[in-house]
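Report on the structure given below.
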4 protein chains.
Amino acid sequence: MSTSVSSNGRRSNPGPRAAARNRAALLAAAREIFAEHGADAPLNSVARRAGVGQGSLYRHFPDRLALVLALFEEQVTTVEELAQDPDVSLLDLLGVITRHAIDSVVSIDLAAADPEARPDPRLLDLTARIGEVVRGRLDDAVARGQLRAGTTVEDVLLGIEMVASALTRRPARERDAYAVRAWRLLGVDVVPAPR
Amino acid sequence: MSTSVSSNGRRSNPGPRAAARNRAALLAAAREIFAEHGADAPLNSVARRAGVGQGSLYRHFPDRLALVLALFEEQVTTVEELAQDPDVSLLDLLGVITRHAIDSVVSIDLAAADPEARPDPRLLDLTARIGEVVRGRLDDAVARGQLRAGTTVEDVLLGIEMVASALTRRPARERDAYAVRAWRLLGVDVVPAPR
Amino acid sequence: MSTSVSSNGRRSNPGPRAAARNRAALLAAAREIFAEHGADAPLNSVARRAGVGQGSLYRHFPDRLALVLALFEEQVTTVEELAQDPDVSLLDLLGVITRHAIDSVVSIDLAAADPEARPDPRLLDLTARIGEVVRGRLDDAVARGQLRAGTTVEDVLLGIEMVASALTRRPARERDAYAVRAWRLLGVDVVPAPR
Amino acid sequence: MSTSVSSNGRRSNPGPRAAARNRAALLAAAREIFAEHGADAPLNSVARRAGVGQGSLYRHFPDRLALVLALFEEQVTTVEELAQDPDVSLLDLLGVITRHAIDSVVSIDLAAADPEARPDPRLLDLTARIGEVVRGRLDDAVARGQLRAGTTVEDVLLGIEMVASALTRRPARERDAYAVRAWRLLGVDVVPAPR
DNA sequence: CATGAATGAGTATTCATTCAT
DNA sequence: AATGAATGAATACTCATTCAT
């Protein structure tokens, strides 16, 4: 970060030009921090890592959930874009999704706040978007023998959730191998996509 | 509660007799609180629910992990006792384990504190004890067609972890049904034991 | 709002023409916001309500007091203008002043910042202007039996302050009736002027 | 405050014995701080002035209103006790109440938070208790010529509110004289009780 | 001259933990 | 051995003010 510091000790105000850069820096920082310390890591640590003022964090993401959702949304978008390419199989997509889970831990800790609370609609929406992608690949995956016949979209989503939530319990360096084992136990040969 | 109140308004000191009772009350309270609010619920809420002073909580359980482990240990012991009976199948035991996961949420959130930290040896020990129980039933379960041939103890433990960790994300009232689906996805017909 | 939006998404710079319009919008917004949430409402809420940038707010009114004083000054000017008309009695003027107090709450919260601080000279000046208006109507009011004989300008100003400050404690919908009661207790039959 | 500091830099924990002392210290500190800076002064300044940890403040008074109400309650109780003595007139009582208003500023800033919000029932109760005291002295006060015939309890309470709220706008050293003027304007000869 | 993002000091609040009684 | 009050570090969040564009 090339944030210059002016004489009064305050970081200089880079002006609105920095907005997009800051937003991206915050997301990147959040990805790292959440992966390292879980999704309930202190938000000021995110701001600090991003090299951004506390207030900017809150301007871009009014609450923790907004930040987490933005992170998740990025991932979903990535998956959707990949899914444009007809040569990409469901297994490939699950590999990417698994990579996301490994790296950000976010997808799962989402609801962590309070399981009894009604899940946020934005989260449901993102889940639905993943569901759409899966639906579009389901028959193909069965035809290729990647999934058991009769597997439903809900089954796949459940599988993702099971793998992802189990991953949170593991130290980062074990997660790749662990994910492979978990998917295999579900009868699916997923390999986490390369970073 | 037979705790008499002396003139100064403070609960009188019931002496050592209360120690065991307090410990039990704390465990019961912890089970409830953790199930309701997750394993990172405030510890003073546990003491309050138990009707016990803050200090007593810390005397019995010097830190949060001690409390969580005590809870888990209770559950493991229960499973071990059940396993004495040769008529109890692995599926039955998994049903009980699943019930524990549903009700206490604890077994999984255990390591939640920090996945990067070396797992507590006491936790590993408890996991090993579950592993022993599973080992003793494995061949029988395969013979009965309850598990796929070739399933290992590690597979079963992994399955438990996947199901249990996924359960934490769900509201209490959905957990029974959710557990059944999750196990089925793993190819095992587990039904949560009755309470 | 005729503010066009240019391609970059930012409101286009309407040039100096907008200056006066912005100032007026800020004052109107401040009146509303202060009446709703008290004179220590966040200033950015004023800017937002006015549909104006944060910077413009500070350009027009370098600090909160400047804004409040501008509001008060508007009111004082209104009263002075009314007082040009010889047919308008002191009671009428007090009715208008009371209306201002009801609607803006500002006249009183002025010094609220810190009662120990030396009051701002601009505030004293405004108070003096009200005093002048009152002085010009005092004899007439006594002659008409609207005020007790012997009432001084300072008495009237004190009465205004008492009524106005008490009004701040009341919800908006009760203020009209409350003001009538308060004035009556002071022995003066004031009715808040219509809006 | 004889709060000793142990080697680790933390103030030593004086144990539960300090509870009552702490509560009293907090109330005294709050009285001072609120009188100096208004009832929205930072709560940590109250804790600091009381020589008490932040947590203790919140244990004794879970929110700002609880603290303010406790202060007010003390005052009301004092007035009620005085009212036991039949030789104490309404004017005397109003003198004490005025002294309280001068010194603590609290009685009035109470509702300050948000005039639109429904007033706290505890506050209403305290107001009612003052009302009872007034009611018991009303006829006597009229008989003595201290109040105009026809004055109601509500009138007196309104008068108190008007005087007290106006006082908040004044620096401490002017309040005594100001209170006398304000009461005189209401036609009542109240003199603030000596401290 | 307007805009709106950036900044960070200031506050409220929570909660793990200690300790006098 | 139990009690419950005390402690203060940690954290979330707000908002006045500045400033690049």
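In what follows, chains carry the letters A, B, and so on, assigned in the order in which the sequence lines appear, proteins first and then strands, with residues in each chain numbered from 1.
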Please confirm whether the shortest side-chain N or O distance from Asn22(D) to OP1 or OP2 of dA6(F) is below 4.0 Å. yes
Distance in angstrom units between Leu26(B) CG and dA2(F) P, rounded: 9 Å
Please give, in whole Å, the distance from dC15(E) P to His37(B) NE2? 11 Å
Spacing of CG belonging to Leu43(B) relative to CG belonging to Leu57(B), to within rounding of 0.5 Å: 5.5 Å
Let me spell it out: for each of Asn44(C) and Arg59(B), pick the nucleotide of DNA chain F with the closest heavy atom. Which residue's pick is nearer the 5' end? Arg59(B)
Starting at atom CG of Asp63(A), determine the distance to atom P of dT14(F), rounded to an integer number of angstrom. 10 Å
With respect to Phe61(D), which candidate in Leu71(D), Leu67(D), Val46(D) satisfies the side-chain contact (heavy atoms from CB on, under 4.5 Å) definition? Leu67(D)
Can you see which heavy atom on Ala47(C) is nearest to which on Gly53(C), and at what distance? CB-O, 4.2 Å
Measure the distance from CG on Asp40(D) to C1' on dC15(F) and round it to the nearest whole Å. 15 Å
Spacing of His60(A) atom NE2 and Leu26(A) atom CG [to the nearest 0.5 Å]: 6.0 Å
When the distance from CD1 of Ile33(C) to C1' of dC15(F) is rounded to whole Å, what number comes out? 14 Å
In which ranges does DNA chain F form stems of 3 or more consecutive Watson-Crick or G-U pairs, distances under 3.5 Å? E:2-21 with F:2-21
Take the protein atom CZ of Arg48(D) and the nucleotide atom C1' of dG8(F), then report the distance between them rounded to whole Å. 13 Å
Quick check for you: among dA16(E), dT3(E), dT7(F), whose closest atom lies nearest to any side-chain atom of Val52(D)? dT7(F)
Please report the distance, rounded to the nearest Å, between CZ in Arg64(C) and C1' in dC15(F). 9 Å
Of Leu57(B) and Ser45(A), the one whose closest DNA chain F nucleotide lies more 5': Leu57(B)
Ala19(B) has its side chain closest, among dT3(E), dT14(E), dA1(F), to dA1(F)
Give a yes or no on whether a donor-acceptor pair under 3.5 Å exists between the nucleobase atoms of dT17(F), that is its base, and the side chain of Gln54(C). yes
Once rounded to the nearest 0.5 Å, what's the spacing between atom OG of Ser45(B) and atom CD1 of Ile33(B)? 4.0 Å
Given atom CZ of Arg21(C) and atom C1' of dC1(E), what is their separation to the nearest angstrom? 13 Å
Would you mind telling me which residue lines up with the more 5' stretch of DNA chain E, Tyr58(D) or Tyr58(B), judged by nearest nucleotide? Tyr58(D)
Exam field: side chain Arg64(D) to backbone Ala39(D), donor-acceptor pair closer than 3.5 Å: yes
Nearest non-hydrogen partners of Ala25(A) and Ala50(A), listed with the distance: O-CB, 3.6 Å
Comparing Leu43(D) and Pro42(B) on DNA chain E - which has the more 5′ nearest nucleotide: Leu43(D)
Under 4.0 Å from OP1 or OP2 of dA6(F): is there any side-chain N or O of His60(D) that close? yes
